[in-house]
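Just below is one structure, and these are the notes that go with it.
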Amino acid sequence: MAEQEPRVGVFVCHCGINIGGVVNIPQVVKYVKTLPNVAYAEDNIYTCSAEGIDKIKAAIKEHSLNRVVVASCTPRTHEPLFRGACVDAGVNPYLFELANIREHCSWVHMREPEKATEKAKDIVRMAVARASFLKPQEESEVPVDPTALIIGGGISGITSSLCLANQGFKVYLVEKEPELGGMLRKIYRLYPTDEDASKVLEASIRAVRNHKNINILTSTNIKSVDGYIGNFEITALKDNGESKFKVGTVIVATGAVEFKPVGMYGYDKYDRVLTQVDLEKVLQSGKSDVDKFFKPQRVAMIQCVGAREEKPPRAYCSRICCMVAVKNAMLLKEWYPESEVYIIYQDMQTYGKDYEEHHRKARVADIKFINYTKENPPQVVPLPDNRLRVTVYHALLGEKRELDCDLVVLSTPLVQHESARELSKMLKVPLGQDEFFLEAHVKLRPVDFATDGIYVCGTAHGPKDIGESLSQAYAVSSRAASPMANRKVRTEAITAVVDRDRCVGCRMCERLCPFGAHRIEEGKSTVIDALCKGCGVCAAACLRRAITMRHFTDDQIMAEVKTAFLTKAPTQPEAPTNVGGKIGE
Amino acid sequence: MPEFEPKIVGFLCNWCGYAGADLAGTSRLSYPTNIRIIRVMCSGRVEPAFILNAFENGADGVLVAGCHPGDCHYRSGNQHAEKRIEKTKRLLDLLGIGSDRLRLEWISAAEGEKFASVIKDFTEKLRGKGPNPLGRELEATPVLHNGTESIYDILKRTKALYCQECGKCSSSCPITRLDPLYSPRLAVEKALMGLQDAVLTDKGLWSCLTCYLCRQRCPLDIEYDELIRTCRAKASAKGISGNCAHEGVLFSLSRLMANPETRQNRLGWIPQEAEIAKTGDVLYFAGCLPYFNVVFDDIGVKNIEIAQSMLKILNVAGIKPVLMENERCCGHDLSFAGDLESFEKLAKMNIAEIKKSGVSTVVTTCPECYRTLKVDYAELFGAKLEVLHASEFLSNLIGDGKIKFNGKLAKKVSYQDPCRLGRHMGVYDAPRKVITSIPGVELVEMTRNREGALCCGVSAWMGCGRHSKQMQIERLAEAQATTADLLVTACPKCQIHFNCALCEKLPVKKEEVAIEICDLSVLVARALNLTQTPNMVERIKNE
Amino acid sequence: MTEQFEPRILGFLCNWCSYAGADLAGVSRISYPTNIRIIRTMCSGRVDPLHVLEAFRQGVDGVLVTGCHPGDCHYITGNYACEKRVNFLKDVLAQVGIDPRRLRLEWVSASEGGKFAKVVKEMIEEVRKLGPSPLRKERQEETVAT
Amino acid sequence: MNEKPSVLIIGGGIAGIQASLDLAGRGFQVYVLEETPTIGGRMAQLDKTFPTMDCSICILAPKMMECYRHPNIKLLTYSELKEVKGSVGNFQVKILKKPRYIDETKCTGCGVCAEHCPIEVPNEFDMNLGMRKAIYMPMPQAVPRLMTVDKENCIDCKLCTKICRAGAVDFTQQPQEVELNVGAIIIATGFDQYDPSEIVEYGYQKHRNVLTALEFERWVCASGPVGGHLLRPADGGIPKKIAFIQCVGSRSRKFGTPFCSSVCCMYATKEALIIREHAPDVKVYIFYTELRAFGKGFQEFVNRARDEYGVKYIRSRPGEIREEPTKSLSIWYDDTLTREIKSLSDVDLVVLCPALVPRPSNKKLAEIMGLELDDCGFFKVVHPLFAPVDTSVHGVYVCGYCQSPKDIPDSVAQASAAAARAAEALAMVKMQSLGGN
């Protein structure tokens with residue numbers, strides 16, 4: 001665009017007495033008028049009032065201003081309001097600057113009016129200097145393909161497929177196994193509702209199969225993922241046959257697997273030592289078959305086997321095992337009322353309402369709970385009659401108990417698939433210490449990745465029960481739907497720009513950027529505006545000074561640096577800083 | 001029918017009485033065969049409990065023979081014997097067995113003759129009197145599962161299955177704090193692990209005060225007191241029992257009262273001037289005060305004053321209460337000591353009597369009677385009785401202006417919440433209302449009061465020991481620290497136990513603990529100038 | 001020095017935590033000396049060594065860089081990058097004969113208005129002790145010269 | 001309905017905020033109903049959040065602002081729900097907007113009026129530990145940035161009217177009824193804190209050095225009543241020993257509630273860390289019944305607290321807290337793992353972690369909308385596993401703590417889930433209407 005001389009309009013606000021009561025506003029205005037590039041200056045009681053806004057608009061027209069500085073309060077709350085005024089008067093919003101002389105001046109220097117006034121002058125001068133270097137910015141847009149790829153055909157994947165498909169989005173549901181259903185296929189009954197897992201599963205599988213918007217790819221693996229939000233190119237692999245398709249968003253619902261406690265409590269030595277999932281399989285075969293196998297007299301379930309360990313990856317609590325144990329214990333008790341069922345635990349993780357209630361029911365059903373500590377885990381040794389002797393120190397009772405059991409069940413944690421690491425590289429999204437997928441923000445972005453357009457749900461994100469997995473499955477459906485419903489994403493105006501002549505493709509920026517916004521193409525860095533969040537870490541890091549940050553350019557910041565402390569008002573505008581060479585070069 | 005042959009149990013001292021009996025033998029002096037002889041080294045060894053036991057087990061008479069005054073091989077044993085026999089005679093009269101069925105004789109080693117004649121004479125007298133009315137047991141059909149309930153069912157019924165093993169009970173229990181070997185939590189957990197024997201043989205089973213503090217605080221409201229009561233029944237069914245205080249005299253008395261044949265003379269305490277009625281609306285259930293009065297007079301507790309004060313107050317309020325000629329022990333202590341069978345008998349007979357009297361309200365001065373009549377009788381035998389504790393009844397009377405205090409009682413007073421009245425029954429305000437309504441009286445609370453009050457250290461006459469004493473001293477010190485002149489309690493047993501502690505050798509300075517203990521109704525009677533009790537504090541000081 | 005030397009402190013504040021913290025100091029009327037001037041950057045990770053050095057070249061007596069607490073960064077890791085740079089800068093400053101204590105990095109969250117004020121006070125006092133920046137005189141002459 | 005689909009969200013806490021941003025972000029018209037003068041809810045009161053120790057307001061405030069600025073979101077703060085009619089795709093809603101006695105178009109939130117207001121009352125936002133004026137803004141980061149006149153405590157001195165240069169104070173304001181037409185409704189009313197004073201043995205409100213967890217959050221928060229200095233409430237002394245007690249009124253069948261609040265073990269751990277960061281020499285004890293660290297990174301967090309910060313975890317629910325003459329406290333407990341009966345004395349501050357309970361006002365909401373509450377007062381869902389956010393009324397969804405105990409991440413996820421279900425339902429309604437003609 002044609003560079004026109006900056007004509008800065010300055011509006012100094014009294015904010016009632018909040019500023020005016022401390023800072024000598026007229027003096028500031030008088031001073032401001034002496035500054036270079038200032039074409040107009042005035043003061044208002046409340047610049048943010050409807051009246052104040054109108055005066056700004058009027059002044060822009062009247063004095064053909066192309067930069068606006070308001071000296072009042074913090075930009076964090078008021079910038080949008082004043083930018084609005086500029087836009088209405090035909091000035092690009094990024095040509096507006098706020099000088100914060102309230103929060104950072106009048107309110108904190110109430111007892112020193114003179115000094116505060118001096119400081120206010122400096123603050124406004126800095127703003128004016130910066131304003132002179134401001135450039136108009138546009139928030140560009142990237143088109144989004146209203147199609148989602150869902151990796152993993154477990155109950156989470158199935159649920160979010162349905163939710164998205166029902167909203168009219170196309171869905172590719174990719175499952176590496178020949179059958180949909182994932183972990184739920186391995187489970188007999190569900191807690192706390194005591195339903196038959198297979199029945200529930202059938203229903204939802206039928207629903208996805210019959211949905212016109214859902215394209216199911218079983219026995220299929222993802223080979224590669226290229227592109228970025230709105231424009232991913234997927235290559236899928238089905239028995240050596242490749243298929244390629246485009247999607248706008250990617251949802252990771254790959255689930256988790258049960259940890260196999262090899263070498264623990266004789267798991268791989270004695271056939272009467274099972275994991276909970278093994279037990280589920282046994283139970284699935286029905287009571288009559290189990291009777292043929294044996295009628296348990298005494299059963300011991302050991303919690304936290306291979307979980308809550310000293311060191312990662314399995315330092316975590318697997319969240320669901322306690323309820324699984326309670327559920328299966330009660331089932332066994334129901335089938336074999338005469339049997340004794342023990343749950344040997346560290347802390348019963350029966351949180352919330354239903355689970356606590358179930359825990360209580362289990363105790364009433366005479367399931368026996370024995371507390372052990374990490375320092376003093378139970379021992380399992382075989383007996384001649386192929387039963388097993390479980391020796392455990394009941395920490396709360398302070399005595400050793402010996403239980404001769406004909407079945408020992410180990411509650412082991414859910415762990416990440418081996419294949420996950422590969423997928424995380426493919427998608428450029430991180431895994432945590434626990435090897436589960438790591439979300440953008442533990443608190444407020446539980447199902448997003450830092451990289452836009454990619455989401456995670458269910459046990460791929462960490463152990464959780466069905467209800468929690470489905471909450472997340474629906475959650476990702478909402479998160480992914482936004483860009484797809486809009487058919488586009490707005491990109492930040494404040495983004496990095498790479499000067500390809502200076503860039504040597506050292507990949508420093510690519511390494512630093514947590515959002516994957518820098519991609520190296522033909523040995524040079526390119527910024528994907530759709531992904532850049534505008535923090536400027538790369539710009540500050542670039543040794544060739546090839547990266548500039550829009551709206552926070554070196555010129556703009558330097559202008560502030562130089563004008564922060566001046567004993568007398570400068571007569572010339574600040575010259576652009578030469579940022580050609582690197583320090584020490 | 002054949003002539004009645006009385007059964008006589010003879011306790012003979014080794015040096016005189018027994019030797020005398022031998023001499024009778026060597027001199028071939030014949031006497032009736034009715035006596036069975038038990039040798040003791042000294043007549044001083046013979047306890048009231050032995051004698052009561054003999055009668056419980058069907059003896060028609062008991063003979064105690066010792067050395068002549070001054071001749072005692074152990075100097076003064078026979079003097080103690082005399083005192084005890086005296087006491088026991090009074091109890092026998094109350095029970096309606098009759099003091100003449102008990103005989104104390106001085107028989108020296110030289111008095112074979114005398115021995116023989118005493119036997120003859122006693123046998124004849126007893127033959128004349130006829131058999132001990134309480135001799136024969138009557139069969140009752142018990143509704144209470146006396147030890148038949150399974151541990152699991154007990155745990156279920158008392159909600160102990162909900163236990164979260166959180167330890168709130170054990171960190172509250174006053175006994176556990178003194179004796180970590182006992183802990184409500186561990187008791188429950190053993191039971192949960194199905195360790196039946198461990199539970200029933202555990203000494204701790206008998207240390208519990210059933211003071212309800214653990215239950216009060218238990219987040220799951222586990223009925224620990226009930227759990228203990230049932231387990232004790234189960235244990236005693238297995239022949240296990242704890243050690244009972246006072247050699248079980250009080251249990252014997254209760255068991256004897258459980259006999260339908262019993263015809264007591266328990267109303268002797270009623271003052272001449274007092275007015276009582278045969279029928280009416282209000283029944284005053286005095287409980288075992290007349291017996292306590294005998295058993296504990298040696299520690300200077302005049303328990304009967306409680307009853308007398310109450311009666312006078314009622315009269316002042318224009319009420320002529322009904323008193324039951326043959327009122328029986330409510331059974332509270334037996335039930336908490338594991339003898340549910342006798343408890344059931346007592347309960348049924350009391351219920352019948354009360355129903356018969358046709359009263360609309362029953363008033364008790366004892367919180368244990370109160371709980372038992374109001375809760376247990378209702379829950380276990382479906383007897384819906386309108387029962388009020390004295391504190392409630394009095395505060396109503398005061399509220400209705402039926403009792404007016406003229407004149408002040410300038411006393412600083414602290415109040416001991418009895419476990420049964422407070423935590424068991426939730427009565428905290430009534431007694432306080434009564435106290436504060438007395439002109440001049442200032443109520444100062446101890447740090448642990450109401451729900452958190454500390455028990456007096458013994459309940460159901462079980463296992464009074466070191467820890468009980470410690471608790472009593474601790475509590476008395478707490479009371480003394482309030483600078484109160486009086487420690488008022490609404491339970492005769494608190495009064496007994498605190499006084500008992502004060503009578504023994506104190507581990508601390510007297511002035512730190514020596515506070516006068518006074519029952520609520522006695523306090524009210526005093527405020528109405530109806531009575532005057534000797535001041536405990538004085539008594540101790542000049543000991 | 002006869003009259004009290006008033007240090008000039010330049011502050012780089014990240015938009016999300018520290019700038020908000022400074023705002024809170026204002027809202028809560030927690031006063032601190034006027035010696036500081038504030039430059040807002042989106043992230044402490046934007047602060048370029050060059051900016052800091054330029055500030056010293058301009059004759060400021062101290063530079064304060066503040067960002068979100070570790071783990072709080074709005075841009076996930078910007079503050080870590082910043083921390084590295086500040087450490088590197090301290091070495092550089094030492095080499096060019098500027099006391100590294102004139103450069104200070106602090107984590108100030110949006111709820112720590114009090115802390116912000118405290119940090120500013122401390123910094124001013126510390127720099128006051130250190131006396132004027134050695135580059136200050138030259139700079140003033142420069143300005144006079146132009 | 002050919003204009004853009006709209007959703008009413010009841011509750012302006014983090015769950016409500018998340019749901020509204022999700023829906024507004026995809027072009028829905030969203031109304032956020034909040035009964036207090038500001039959105040932000042409970043999370044705004046927290047000092048930090050576990051397990052990342054994020055400063056709570058730092059990460060929340062931008063989202064609050066985003067809500068406020070979003071062209072598709074209308075905030076109805078200081079308002080209550082009066083009536084709901086109709087069905088999915090077309091609910092008619094009546095809302096009562098309580099008078100702020102402030103002209104929202106004029107007020108700049110500068111707060112000068114509050115400085116001059118003569119009336120001081122306890123500030124609910126600070127759990128009544130701090131004070132506010134009768135004309136006030138609940139917190140510095142309040143959204144919207146508007147003053148509110150608390151008429152109950154106002155003495156009509158009209159000083160604010162005189163002082164306000166913007167002329168924003170308006171005592172003539174009346175309650176006004178707002179009528180909306182929305183396609184779906186999302187409920188996110190969050191939780192209240194159980195009042196543990198009935199658990200007498202812990203002496204809450206009797207012993208001054210006993211606080212509840214939420215009180216403690218405000219007490220140590222840098223923007224709280226004592227500027228984030230760690231002090232003894234009784235005398236402002238410097239604490240050396242602080243203890244937390246878990247399950248106060250939760251997992252209980254007598255006082256409080258039968259359920260587990262799910263978050264206490266973790267926030268206690270977090271608060272313990274906050275203390276150690278404030279004052280590394282303070283000894284911190286956490287009395288727990290069962291240590292529930294089941295969330296992502298929680299167990300690791302607890303390990304860090306125990307091993308690196310030396311927080312002492314004791315498996316016990318103490319029997320009683322006694323106050324010493326010095327106002328220090330002693331805690332009687334049974335260390336269930338060693339079976340020792342002990343008392344921890346000279347404790348300067350005890351923080352009770354009370355049950356977090358669904359809001360009593362849920363009852364009224366349920367009546368208005370014909371929804372079911374469970375025995376504890378949580379909103380019932382159709383199926384806890386397979387319809388975790390669907391209520392019995394089609395088109396009405398529930399998320400956050402008011403559905404069942406949960407922490408912030410689970411609430412946020414569930415909020416997005418509710419948003420998705422609402423969008424899904426409205427999409428299907430639309431398809432049907434299209435299919436119709």
Side-chain angles (χ1 to χ4, degrees), chain A residues 15-18 45-46 48-50 76-77 80 163 166-168 190 192-193 200 308 312 315-317 319 347-354 356-357 373 395-396 398 432-434 436 441-447 461-462 465-468 470-472 474-479 481-482 485-486, chain D residues 14 22 25-27 49 51-52 54 59 63 65 69 105-106 108 110 112 145 164-166 251 258-260 262 290-300 303 336-337 339 374 376 378 383-386 388-389 404-406 408-410 412-414 416-417 419-421 423-424 427-428 431:
Chain A
C15 191
I17 57 165
N18 281 293
I45 298 303
Y46 286 113
C48 58
S49 64
R76 293 177 52 264
T77 56
C163 185
N166 286 339
Q167 297 176 57
L190 303 175
T193 53
V200 189
R308 299 172 81 180
Y316 57 88
C317 158
R319 189 169 186 141
D347 296 278
M348 286 304 290
Q349 304 289 344
T350 51
Y351 56 93
K353 185 169 171 296
D354 298 346
E356 187 64 31
E357 193 52 47
T373 55
L396 299 177
Q433 273 198 322
D434 54 13
F436 288 101
H441 190 282
V442 180
K443 253 359 208 193
L444 296 186
R445 296 181 66 192
V447 297
H461 160 275
D465 71 18
I466 297 169
E468 291 154 350
L470 262 59
S471 285
Q472 285 199 340
Y474 285 122
V476 288
S477 320
S478 171
R479 306 295 297 154
S482 277
N486 298 331
Chain D
I14 182 59
D22 273 23
R26 59 188 291 181
T49 60
T52 50
D54 277 315
I59 57 179
K63 280 188 176 278
M65 254 304 156
R69 284 186 201 149
T105 61
K106 291 193 188 142
T108 67
C110 70
V112 174
R145 288 189 57 79
C164 179
R165 295 277 194 94
R251 302 185 68 196
F259 57 82
C260 158
S262 300
E290 242 143 357
L291 197 61
R292 293 191 169 162
F294 50 84
K296 191 167 180 171
F298 290 6
Q299 185 62 48
E300 296 87 327
N303 295 348
T336 56
L337 289 174
R339 292 162 307 284
D374 67 18
C376 297
F378 293 105
H383 193 296
L385 303 183
F386 297 98
V389 298
S404 77
K406 56 180 68 67
I408 294 173
D410 289 358
V412 170
Q414 215 185 16
S416 290
R421 291 297 282 168
E424 187 181 353
M428 293 174 95
M431 265 183 269

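So you know, we letter chains A, B, ... as the sequences are listed, proteins then strands, and number each from 1.
One side chain, A:Gln167 or D:Arg26, offers a donor N or O that lies under 3.5 Å from an acceptor on the other.
Both the backbone and the side chain of D:Arg251 come within contact range of chain A, judged by heavy atoms closer than 4.5 Å. Residue D:Ala293 touches chain A through its backbone alone, counting heavy-atom pairs closer than 4.5 Å. In this structure, the portion of D:Lys63 lying under 4.5 Å from any heavy atom of chain A is its side chain and not its backbone. With a 4.5 angstrom heavy-atom cutoff, A:Cys15 touches chain D only via side-chain atoms. A:Thr373 touches chain D through its side chain: at least one heavy atom from C-beta onward sits under 4.5 Å away, while N, CA, C and O do not. Using a 4.5 Å cut-off between heavy atoms, A:Asp465 makes no contact with chain D at all. For D:Arg292, the parts sitting under 4.5 Å from any heavy atom of chain A are the backbone and the side chain alike.
Taking the side chain as every heavy atom from C-beta outward, D:Thr108 and A:Ser49 never approach each other to under 4.5 Å. With contacts defined as side-chain heavy-atom distances shorter than 4.5 Å, the pair D:Cys260/A:Thr350 does not qualify. Using a 4.5 Å heavy-atom threshold, the side chains of A:Asp347 and D:Phe294 count as separate.
Salt-bridge check for D:Asp410 with A:Lys443: failed, with every basic side-chain N at 4.0 Å or more from each acidic carboxylate O.
Atom CD of A:Glu468 is separated from atom CG of D:Leu385 by 10.0 Å, given to the nearest 0.5 angstrom.
Your options are D:Ala420, D:Gly25, D:Ala423, D:Cys376, and the one with the most heavy-atom pairs under 4.5 Å with chain A is D:Ala420. Put simply, of D:Gln414, D:Lys106, D:Lys406, D:Met428, the one with the most heavy-atom pairs under 4.5 Å next to chain A is D:Met428.
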